[in-house]
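Order of the sequence lines fixes the chain letters, A, B, ..., with proteins taken first and strands second; residue numbering starts at 1 for each chain.
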Amino acid sequence: MYWLRKAWGELAHEVFVLPSRTLVLVWVLALLGLPLVYDDAYVLRILTMTCLFAMFAASWDMLAGYTGQVNFGHALFFGAGAYTSSLMSQKLGISPWLTIWAGAALAALVGWVVGYLCLRLRGSYLSLATLAFPLIVLGLLFAFPEFSGGELGISGVGRLVLTPTQNYYLAALAMLAVVFALWLVADSKFGVVLHAIRDDEVAARASGINTPRYKLAVFALSAAAAGLAGALFAHYIRVAGPSTLEVALSFQVVIWGIFGGVATIYGPVAAVFLLYPLTEWLGSFKAFGELRLLIFAVIVLLVLLFMPRGLAPWVRDKVETQCPRCKQRNSAWKNLCRLCGAPLKTQVPRAQRLVGHQ
Amino acid sequence: MLQDILVTGLVNSGVYALLAVGFSLIFGVARIVNIAHTAFYMLAAYCFYALLVKGGLGFALAGVLAVAAVTLLSVLCYRLVIEPVREHEAAVLIATIALALIFQELMLFSFGGHYLGIPSTLEGVVRLFGVSIPYQRLLILVVAAAMLGAVWFLLYRTRLGLAIRATANDLEVANLMGMNVHRVAMATVAISVALAAIAGVVVAPVFVVDPFMWLSPLVTMLAIVVLGGLGSMKGSLIGALIIGYVEAITVFALPAGAYLKGAVALLIMVAVLLARPEGLFGVAFEEER
């Protein structure tokens with residue numbers, strides 16, 4: 001009884017005070033409870049894919065949003081995870097439950113190597129150079145088809161679990177764990193350092209931060225998350241093909257990330273949860289089937305014209321305000337800050353407004 | 001084989017140079033990484049096809065109309081889509097990606113996904129040093145050279161060119177000196193897309209025309225521009241020659257070369273970046289923070 005009351009207290013004082021936190025709680029509960037009330041195989045399939053891509057998009061945001069290393073070749077890590085895990089489970093006969101970790105580990109190694117090669121590059125140079133890596137790997141895969149399966153990829157990859165509901169729970173739990181872990185890392189002192197590196201690398205170095213080490217760590221961490229997503233994806237659709245390395249996937253994750261709002265982690269996740277089911281749903285209509293990518297691009301363009309900073313920051317600024325004194329967030333309809341009691345909307349007298357701020 | 005490499009490399013370099021110089025120009029002046037650049041090249045090829053085969057116009061007229069239409073469209077896109085989000089670099093980036101996707105899907109919808117063949121503008125071959133070159137490839141080379149000359153003249157011998165170079169050098173100071181930087185940026189967009197459109201029109205009879213033809217030159221063009229140094233005309237030109245020849249050598253000399261040509265070109269780019277992070281002719285932008 002005591003624990004129940006304590007939990008309720010935590011919930012009421014930490015979660016329900018902010019609309020964004022309430023929204024996240026509702027989303028998590030809905031995600032976990034959905035198969036209990038509605039277990040249509042098609043819907044579960046779409047949501048499983050959505051979860052895997054959400055993990056992928058969140059890992060991109062860690063690298064591009066927080067650290068400012070805008071990666072145009074993020075599909076490399078996804079593909080590295082997918083190919084490693086499939087090849088190991090198929091050629092060596094190891095259980096997929098072990099190989100997905102190997103996939104994530106190799107992706108982390110690949111991420112470290114890419115990060116090492118790109119250490120001296122900045123801004124647009126880095127973006128355009130990273131675009132090259134998945135294409136180099138793709139060229140090698142096509143040149144040695146007997147090892148990689150060439151254009152068809154590796155098919156008949158072993159499954160992790162059998163039923164759609166189990167697959168859904170596996171993807172959803174993995175996604176929640178990875179996204180929450182990334183969010184914790186981004187919210188820690190480590191994350192603050194990453195913000196510093198993005199905003200001014202020279203100043204960060206002058207403050208005694210070993211920026212190359214941090215950048216390599218983020219490359220490896222983000223690649224590991226993307227690789228895990230890729231490995232789970234390959235075992236779910238049972239094919240590891242060249243499409244996991246293509247430019248289209250790299251661009252897709254950039255669109256998700258920026259559409260949702262960079263440097264938030266939850267923004268790209270929200271973007272995937274909106275955009276991926278939307279495109280699938282549009283594709284299910286006969287008339288729209290051919291036009292779905294067109295509609296997708298137009299929607300992205302229009303939303304961007306109105307919310308250039310992305311969807312999640314725009315929504316957050318609508319429902320919450322920042323306390324001018326203690327910088328904590330409050331719901332937008334409150335008058336006093338919930339923590340320090342300072343007035344949130346400063347009432348400027350009419351006469352003073354006419355004269356101007358002193 | 002040596003002659004084949006020489007000729008193919010030169011022709012490919014010409015096309016790549018047209019694309020890369022335009023991209024570099026737009027990046028230098030407006031700091032826009034225009035992913036849709038080669039999508040305009042694809043649009044020009046389609047436009048040329050529609051006017052020539054469906055519309056029954058002559059080669060010259062169809063070509064000029066296609067270039068004009070695509071250039072007009074690019075200015076329109078810039079005003080309506082790019083300019084409102086100019087301050088947000090990330091938004092500009094995905095706006096251009098979205099534009100490219102929109103063009104691709106529109107062409108897919110209206111012309112279908114199959115390859116379209118366009119009759120050669122000029123028939124016949126000329127024999128040079130024992131290798132036969134079709135007139136069409138010679139035309140590509142001549143047009144590319146003429147256009148690069150024209151761009152050089154525009155940039156270094158006219159007032160507009162002076163304004164463009166000044167804006168690329170320092171946008172704020174150029175603005176303070178009384179140049180209308182918005183109009184300069186718009187003119188640059190028009191010039192750079194016109195170059196891409198011209199490239200699209202001249203290569204349409206040689207390469208296949210399909211809605212995905214923008215992807216592979218996009219990657220090569222980005223490799224060239226990064227290799228030569230972002231925003232540098234000379235770098236783009238020399239980068240185009242290097243990548244064009246590397247691709248030709250890979251295709252002719254290596255087994256499975258057609259698959260590896262992109263990979264080898266990109267490897268060269270990565271190697272150059274490791275030695276010189278700002279590209280061959282780029283300025284080290286230490287002060288740009």
**Study point:** Proximity breakdown for A:F72 and chain B, heavy-atom pairs closer than 4.5 Å
**Key:** side chain

Review point. Rounded to the nearest 0.5 Å, how far apart are CZ of A:F142 and CG of B:L260?
Key: 11.0 Å

**Study point:** Interchain contact, B:L218 with chain A, by part (heavy-atom threshold 4.5 Å)
**Key:** side chain

**Study point:** More than 12 heavy atoms from other groups under 6.0 Å of CZ on A:R120
**Key:** yes

Practice item. Determine the option with the most heavy-atom pairs under 4.5 angstrom with chain B, choosing from A:L302, A:V247, A:L135, A:V300. Key: A:L135

Exercise for review: Please step through side chain to side chain contact (heavy atoms under 4.5 Å, CB included) for the pair A:F133 and B:V270, ending with a clear verdict.
Suggested key: CA-CA 9 Å; A:F133 293 103; B:V270 171; 4.1 Å; yes

Point to revise | Residue that, paired with A:S124, satisfies side-chain contact (heavy atoms from CB on, under 4.5 Å) out of B:I32, B:V225, B:L230 | key: B:L230

Exercise for review: Please report the closest heavy-atom contact between A:A297 and B:A98, naming both atoms and the distance.
Suggested key: CB-O, 3.6 Å

Review point. If you look at every heavy atom in B:M269 and A:L128, which pair is closest and at what distance?
Key: CE-O, 4.3 Å

Practice item. Tell me, for B:A95 versus chain A, whether the close heavy atoms (under 4.5 Å) come from the side chain, the backbone, both or neither. Key: both

Exercise for review: Look up atom CG in B:L101 and atom CD1 in A:I255, then write down how far apart they are to the nearest 0.5 Å.
Suggested key: 5.5 Å

Point to revise | Distance in Å, A:F296 CZ paired with B:I102 CD1, rounded so as to fall on 0.5 Å steps | key: 10.5 Å

Revision key, fill the gap. Shortest non-hydrogen pair, B:H88 vs A:P308, comes out as CD2-CB, 3.4 Å

**Study point:** Sorted by number, residues from residues 20-27 of chain B in contact with chain A (heavy atoms, under 4.5 Å)
**Key:** B:F27

**Study point:** Criterion side chain to side chain contact (heavy atoms under 4.5 Å, CB included) on A:L293 and B:Q104, from CA distance to verdict
**Key:** CA-CA 9 Å; A:L293 203 58; B:Q104 172 195 314; 4.2 Å; yes

Check your understanding: Atom CD1 in A:I258, atom CD1 in B:I94: separation rounded to 0.5 Å?
Key -> 5.0 Å

Review point. Roughly how far, to the nearest 0.5 Å, is the CZ atom of A:R309 from the CD atom of B:E87?
Key: 12.5 Å

Review point. Looking only at heavy atoms, what is the nearest atom pair of A:A129 and B:L273, with distance?
Key: CB-CD1, 3.5 Å

Check your understanding: Checking B:V81 against chain A: side chain, backbone, both or neither under 4.5 Å from a heavy atom?
Key -> both

Point to revise | A:L141, part contacting chain B, at a heavy-atom distance under 4.5 Å | key: neither

Revision key, fill the gap. Per-residue tally against chain A (heavy atom, under 4.5 Å) across B:V226, B:V264, B:L227, B:V92 peaks at B:V226

Exercise for review: Measure distances from B:I97 to the heavy atoms of chain A and classify the residue's part below 4.5 Å as side chain, backbone, both or neither.
Suggested key: side chain

Point to revise | Side-chain (A:Y125) to main-chain (B:P277) donor-acceptor, under 3.5 angstrom | key: no

Exercise for review: Measure distances from A:L131 to the heavy atoms of chain B and classify the residue's part below 4.5 Å as side chain, backbone, both or neither.
Suggested key: side chain

Point to revise | Region of A:Q252 in contact with chain B, defined by heavy-atom distances below 4.5 Å | key: neither

**Study point:** side-chain contact (heavy atoms from CB on, under 4.5 Å), paired with A:L301, selected from B:L80, B:V85, B:L99
**Key:** B:L99

